Amino acid sequence: MLYRFSVENFRSFKDLNELSFIPQNNTDKHVADSDTHIPVLRSAVIYGPNASGKSNIIKAMAFARDFILDNTRLAKSNNESFRMNNDGNKTPSIFTFQTKIENQLYEYGFAISFKKLEVVEEWLKICTSDYDVEIFTRDWDENSQHCHIVFNTGEQNGNAKRYETYKEDLESASGELVLSSLAAKKFSGDHFKEIIDAVYRWFVKLIILFPNTTINLIGEMAKNKEAVNKLYKQYYSLFDIDIDEIQLNRLNGGYVDIPDELKAQIKTDLTRDADGQYCILHGGSRDYLVKLDDNSELEFSEIKFLHKTDDGDVAFGMENESDGTMRLFDIIPVLGKILSEDRVLVVDEIDRSLHCVLTRKMMEHFYQKSENRRSQLICTTHDVVLLDRSPITNQEIWFVDKKARKSSLYPLSSYQLVGDENDIIRKYLIGRFSAIPQ
């Protein structure tokens, strides 16, 4: 679970800003592990006007995760530092995650220079109530212009020589992260390696959904049509979707009108695949599954949504379904994951194309079904209906505002509420908490 996330000098966030999931009072509502010394809130809902920086908080998480999972990301990236003055180019961009894995709290972070495309600092430590235990540190020495790494592998570690070799290599690899590099090593793990792998896996499991993120239904249907329909049927009635079944239908005639050269290339590629796999062909508002039939000819299929009517069944293509329905088809699989596994889901604009009642129902469903799980739902939204404190509690509400060209992130709990504490919507809309268009 995510305990804290902070970012500095990234996009519109110049100064240090922190998103915290530490409960502010003794309530156990929407709190995971409330009976332990590390209780964690299960959600955060972030509000703010357009262009205030809400999405940049999510993009900061996504950039850090993607860089951890693929160290080539930094070399390929644009300058993502704060660029409204020259300070952003002179100072590093810093990303810090405090994560709860099992019953242990870890802090992992790194600082990078977008100007030099280098990692200038990195650290991993175990956090306790009394002190922190450093697992490894990486610092940049200005005098020697050299990176210095320290591993705390423990005494009598059988892999000590191996780690010394890795350290020498990493000290000269300015664009690589220690965490990523060590996690990629395949050998029998000691306790040090187990910690590295556990923290790395947390980032592998972190799910981030943007407004333009789409789930490939065709690919999932090709893998297991029954499992896909079973998952979605759980949500049809809950979200008022009048679809009875998702089908993968072979097209009449078995082909799509595409250039012969493209057909020949697809056929060649599929013939080379010894496992007889398929490919996905994107065609405007339609996507097609392409595979070889028994005669080694191309076979094209399309996703269809079956609707029950009084006069029989009617099948529609994806282009005939509403934007809201398609948005739900992107959200349902990841929502299912965090309700069946201990995962963190981050959604930018969770209410996009959805009715406010539907967004509210989704949040209520998450709280109800994840009560005994270590899962979290973090999202940005403009849906003020959620501000009536049901289902969300005050300590889960956050705001982003931009002043003097800089974004700032702050919680509702930083305000002392007077009068009717339930009247959050009106207070927000009249500007009591800022974070509204001027």
Side-chain angles (χ1 to χ4, degrees), residues 1-6 18-44 61 64-65 68-69 95-110 122-137 150-159 163 177-180 182-183 185 188-208 334-346 366-378 393 395-396 411 413:
M1 301 188 73
L2 184 59
Y3 198 63
R4 284 192 184 102
F5 169 72
S6 67
E18 180 181 271
L19 180 66
S20 171
F21 295 85
I22 303 172
Q24 298 298 311
N25 50 49
N26 294 324
T27 181
D28 59 357
K29 187 174 184 181
H30 302 169
V31 177
D33 298 340
S34 58
D35 57 341
T36 72
H37 68 289
I38 314 176
V40 183
L41 288 168
R42 290 194 284 128
S43 72
M61 290 185 188
R65 179 204 61 180
I68 291 166
L69 301 185
F95 308 83
T96 306
F97 294 82
Q98 275 196 342
T99 61
K100 185 178 182 182
I101 303 174
E102 299 298 335
N103 294 316
Q104 187 61 66
L105 190 64
Y106 298 94
E107 180 177 304
Y108 172 71
F110 60 86
E122 186 182 2
W123 65 94
L124 173 62
K125 56 188 177 183
I126 298 174
C127 304
T128 72
S129 56
D130 298 322
Y131 55 87
D132 295 339
V133 179
E134 292 183 341
I135 303 303
F136 71 77
T137 58
V150 176
F151 289 156
N152 181 12
T153 58
E155 296 180 1
Q156 299 179 341
N157 189 305
N159 295 310
Y163 289 125
L177 292 169
V178 173
L179 180 74
S180 312
L182 292 183
K185 307 298 183 184
S188 299
D190 46 50
H191 185 57
F192 177 83
K193 183 66 162 62
E194 289 172 357
I195 292 174
I196 297 291
D197 292 344
V199 174
Y200 183 82
R201 280 196 304 270
W202 187 90
F203 288 100
V204 172
K205 295 175 66 177
L206 175 62
I207 307 170
I208 302 178
V334 292
L335 185 60
K337 279 186 180 294
I338 64 171
L339 295 181
S340 60
E341 308 171 22
D342 293 339
R343 304 282 287 264
V344 178
L345 170 61
V346 186
F366 165 74
Y367 291 131
Q368 179 185 4
K369 298 298 182 180
S370 66
E371 190 170 344
N372 296 317
R373 300 221 67 91
R374 288 175 164 177
S375 292
Q376 287 170 300
L377 176 57
I378 306 162
T393 64
Q395 59 182 344
E396 296 165 287
S413 59

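Quick note: numbers below take in every heavy atom, side chains included, and nothing from hydrogens, waters or symmetry partners. Since the structure is predicted, the reported quantities are computational estimates derived from the model, not experimental observations.
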request  = Starting from the C-alpha separation in whole Å, work towards a yes-or-no answer on salt bridge (Lys or Arg N to Asp or Glu O under 4.0 Å) for K205 and D342.
outcome  = CA-CA 9 Å; K205 295 175 66 177; D342 293 339; over 6 Å; no
task = For atom CD of E102, decide whether the heavy atoms of other residues, nucleotides or ligands shown that lie under 6.0 angstrom number more than 12.
result = no
key: Steps toward side-chain contact (heavy atoms from CB on, under 4.5 Å) verdict (E134, V150)   = CA-CA 9 Å; E134 292 183 341; V150 176; over 6 Å; no
Between the side chains of [X] and [Y], does any donor sit under 3.5 Å from an acceptor?
| X | Y | result |
| --- | --- | --- |
| E396 | T393 | yes |
| Y106 | D132 | no |
| E122 | Y108 | yes |
| S43 | Y367 | yes |
| S375 | R42 | no |

ask   = When the ring planes of F151 and F192 are compared, do they come out parallel, tilted or perpendicular, using 30° and 60° as the limits?
value =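 Tilted.
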Test ring-ring contact (aromatic ring centres under 6.0 Å, His included) applied to F97 - qualifying residues, sequence neighbours left out =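 Expected list: F5, F203.
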Student check: side-chain heavy atoms of [X] and [Y] closer than 4.5 Å:
| X | Y | result |
| --- | --- | --- |
| Y200 | L69 | yes |
| V31 | V40 | no |
| M1 | T99 | no |
| N152 | V133 | yes |
| I338 | V344 | no |
| M61 | I208 | yes |
| Q395 | P411 | no |
| I126 | L105 | no |

Shortest non-hydrogen contact from [X] toward [Y]:
| X | Y | result |
| --- | --- | --- |
| L339 | K369 | CD2-CB, 3.7 Å |
| V199 | L124 | CG2-CD1, 4.0 Å |
| P39 | T36 | CD-O, 3.6 Å |
| D190 | N159 | OD2-ND2, 2.8 Å |

Atom [atom1] of [X] and atom [atom2] of [Y]: how far apart are they, to the nearest 0.5 Å?
| X | Y | atom1 | atom2 | result |
| --- | --- | --- | --- | --- |
| I135 | T153 | CD1 | OG1 | 10.0 Å |
| E341 | R373 | CD | CZ | 7.5 Å |
| T96 | Q98 | OG1 | CD | 8.5 Å |
| L19 | I378 | CG | CD1 | 6.0 Å |
| I101 | I195 | CD1 | CD1 | 9.5 Å |
| K125 | E107 | NZ | CD | 4.0 Å |

request  = Check for a donor-acceptor pair, side chain of R374 on one end and backbone N or O of K100 on the other, with a separation under 3.5 Å.
outcome  =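 No, R374 side chain to K100 backbone: no donor-acceptor pair under 3.5 Å.
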